[in-house]
Every structure is written in structure tokens, then in C-alpha cells.
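Chain identifiers are assigned alphabetically (A, B, ...) following the order of the sequence lines, protein sequences preceding nucleic acid strands; residue numbering begins at 1 within each chain. What you are looking at is a predicted structure, and each value in this text was computed from that prediction instead of being measured.
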2 protein chains.
Amino acid sequence: MELPSSLLMFISSRHAEERIVAHLRAHGFDDLTLAQGRLAARVAEGGSRVTELAEAAQITKQTAGFLVNQLEKGGYVERVPDPTDARARLVRMAKRGRAAQACAREMELIVEREWEQRLGVRRMRALRESLENLREITDPYL
Amino acid sequence: MELPSSLLMFISSRHAEERIVAHLRAHGFDDLTLAQGRLAARVAEGGSRVTELAEAAQITKQTAGFLVNQLEKGGYVERVPDPTDARARLVRMAKRGRAAQACAREMELIVEREWEQRLGVRRMRALRESLENLREITDPYL
DNA sequence: CCATTTTAGTCAGTGACACTGACTATATGC
DNA sequence: GCATATAGTCAGTGTCACTGACTAAAATGG
């Protein structure tokens, strides 16, 4: 075994992440950091609580709160009171956040297509299937 | 596409990384951080220069130098003068570093075997081949 | 063979982002 | 209605990434 599979996965996933960040920067979302982006990607359609985001991203709620503040200042998300719980507030994507999301997905798709071209449709599908399969034993927040 | 392949790769690679860190901690290598470990993993058999390590890990040489200092304090690596270049010093694995390396490889292998059990030998081999293939277009420091 | 440029590495300063611990306010359960 | 759990914040700390400026040695090239 030259390199472990996990390291090979790390290499390619980081490559994709860097491409996405560069794409966002090039389109005016240059105040968005990697950590902020990772968290923003977890915000649900109807809004998410800070604590939920923290769990999903596997960071403490303090860190998540800090990142949400930055995202709020940047106009990417907004906070609204949670009607069902006076302690909580819901984090929702704002207009700029949705635009950034769309921008990120664009590059995500481009990379995905590049990989498919490299491997061919059959092997790309097999790759995705295996990765999804492994996720069931590797994703603690499935 | 439910989740992009790159994110699936990130999930599993992080899982493996966490297992390795936990294994190291459990065996007394509890002062070793993730960043230090990633750098230490790149130290070549005959020794490496700080600048080489920085390039391979894609960090600045200042950051690499800082991490090597920590590793040196922890007894994981040692620095010796480079006989071929008076400006440079070679970073070599020390005894404790080799022990930690062996410990990390242990868990690396365990995870690899778990994945193989999950996917079966055939699909695991196909996964590795595809990942190695993709590496050629995603690894800037191949 | 000396002047210029490149390269190895350090020092100093800053910023992002992770952590723990302590705290307030609200909700929930017996 | 009291004890406990939960949502979130505040304060403080540590790691690790960055840039910029620097020294010293090596390589290059008239």
C-alpha cells in the first residue's frame, strides 16, 4: 500500500475544497472563510439552531456561535427567533448566502464532471457508491 | 447527487484521521497535535529539510518550522546539519517519532481492513485505483 | 572571482478558529 | 414547583495558519 485510502481521499477532497473557495473568491465572496463556508453549508432550508449546526459540523456550540456571527455580519445568514422555543434562535440563509451557495455548487459540479471525465461514467458511479457505502460506517452524524 | 463525492471523501478521511489520533493518544502520544502529525508523516527516511516538508504539506516554511520545533521539543524528531548545504538542517525521525509512526500505521491498517470488509476485496481495490487515478489531477505536489 | 540572485531558515506580528469553564434564561419532567 | 436539562453567550486560552522583513549560505554568470 503506497498511500492509505484515507489519505488519498483527503488529497482529492482538499483539492475540491480549494477550487470551491477560489471560485467563491473570484465572484466577490472573498470575506468567506473555509470554516464559515463549511458551517453555512449545513444551514437547513427552514433554518437551523446554532446547537444543531455545531453538532453537524462537529465543533462546539461556542465556535459555531462565533462563526454564525461572522456570517451574519457578512450578510450571509440572518437570525430569527424560534417560535417554538424562546431560548433559541433560528439561523437562516439570507439572500447573499443563497447566492454564495449557488456559486459553490457551480464549482462542485465542475469538479464532479472533471472527475467523471477522468474515470469514465462507470468507474465514477462505482466510486460514488463505495463512498456512500463507507459513509454509513464513517459518518458519526448520519 | 445527494452529496458531492468530494464531501463524501472528506467525511471518511476525517473519520480515519480521528481514529488515528485517538489511537496515538491512547498509547501515550497525547502531546502530538493533528498538524504536527501530518507534518511528521512526511519526514523522509534519510531526513527532510523544513522547506521540503512545507511544500509537501502545502503550508508556509514558517509554519513548518514552528511545527518542527514542537516535534523536536516532544522528542519526535531531531535536527542534524545537512552535510551538503550549510544553510540547511535535516529533520529526521527520532526514536519516539518512529514509535508514533508505527502506532499510526497500526490504526491506518485497521481502518483500511474495516473498509475492505465493508466493501469486499474487489470494490475496495477499485476504490483505491480510482482514488489513485484522481490523485494525478488533484495532487499539486505529486 | 566577485557581484547578483536564489535559497534555507528564522523572527516578529497578526488573525482565524478551535477549545474549556462559567454563566443566564428558558423549558421540561417528576 | 423544584430539580434538571437545554439554548446560547461571555471570557480566556492555545494551535496553527498567514505576511513581511531579515540573515546567512549557495549558486550563477559576466
Sugar-phosphate, base or nothing in reach of A/D82, heavy atoms under 4.0 Å: nothing

Under 4.0 angstrom between A/T33 side-chain N/O and C/dC17 OP1 or OP2: yes

B/T60 side-chain N/O to D/dC18 phosphate OP1/OP2 under 4.0 Å: yes

OP1 or OP2 of C/dC19 under 4.0 Å from side-chain N/O of A/T63: yes

Whichever of B/E52 and A/A86 has its nearest DNA chain C nucleotide further upstream toward 5': B/E52

Whole-Å distance separating the CD atom of B/Q58 from the C1' atom of D/dC18: 15 Å

Side chain of A/K61 (C-beta onward), nearest among D/dA7, C/dT10, C/dA8: D/dA7

Integer-rounded Å distance: C/dG15 P and B/F66 CZ: 17 Å

Nearest-nucleotide pick for B/A88, side chain only, options being D/dG8, C/dC17, C/dG9: C/dG9

Touch class at under 4.0 angstrom, heavy-atom based, for B/R38 against every strand present: nothing

Distance in angstrom units between B/R49 CZ and D/dA25 P, rounded: 15 Å

Atom-pair distance (CG on B/L39; C1' on C/dG9), nearest Å: 14 Å

More than 12 heavy atoms of other groups within 6.0 Å of A/E45 CD: no

Atom CZ of A/R38 with >12 non-hydrogen neighbours under 6.0 angstrom: yes

Under 4.0 angstrom between A/R87 side-chain N/O and C/dA25 OP1 or OP2: no

A/Q117, CD atom: more than 12 neighbouring heavy atoms under 6.0 Å: no

Any side-chain heavy-atom pair of A/D30 and A/L24 under 4.5 Å: no

Rounded interatomic separation in angstrom, taking CG from B/L53 and P from D/dC16: 15 Å

More than 12 heavy atoms of other groups within 6.0 Å of B/R118 CZ: yes

B/Q62 (side chain) and D/dG20 (base): donor-acceptor pair under 3.5 Å: yes

Within-4.5 Å side-chain heavy-atom neighbours: A/M9 and B/L127: yes

A/R89 side-chain N/O to D/dT9 phosphate OP1/OP2 under 4.0 Å: yes

Nucleotide D/dA17, atom P - distance to CD of A/E18 in whole Å: 13 Å

Length of the CG-C1' vector between B/N69 and C/dA12, whole Å: 14 Å

Residue-phosphate contact under 4.0 Å: A/Q36 side-chain N/O, C/dC17 OP1/OP2: yes

d(CD1, A/I59; C1', D/dG8) in whole Å: 14 Å

Nearest-nucleotide comparison on DNA chain C, the residue closer to the 5′ end among B/G65 and A/A35: B/G65

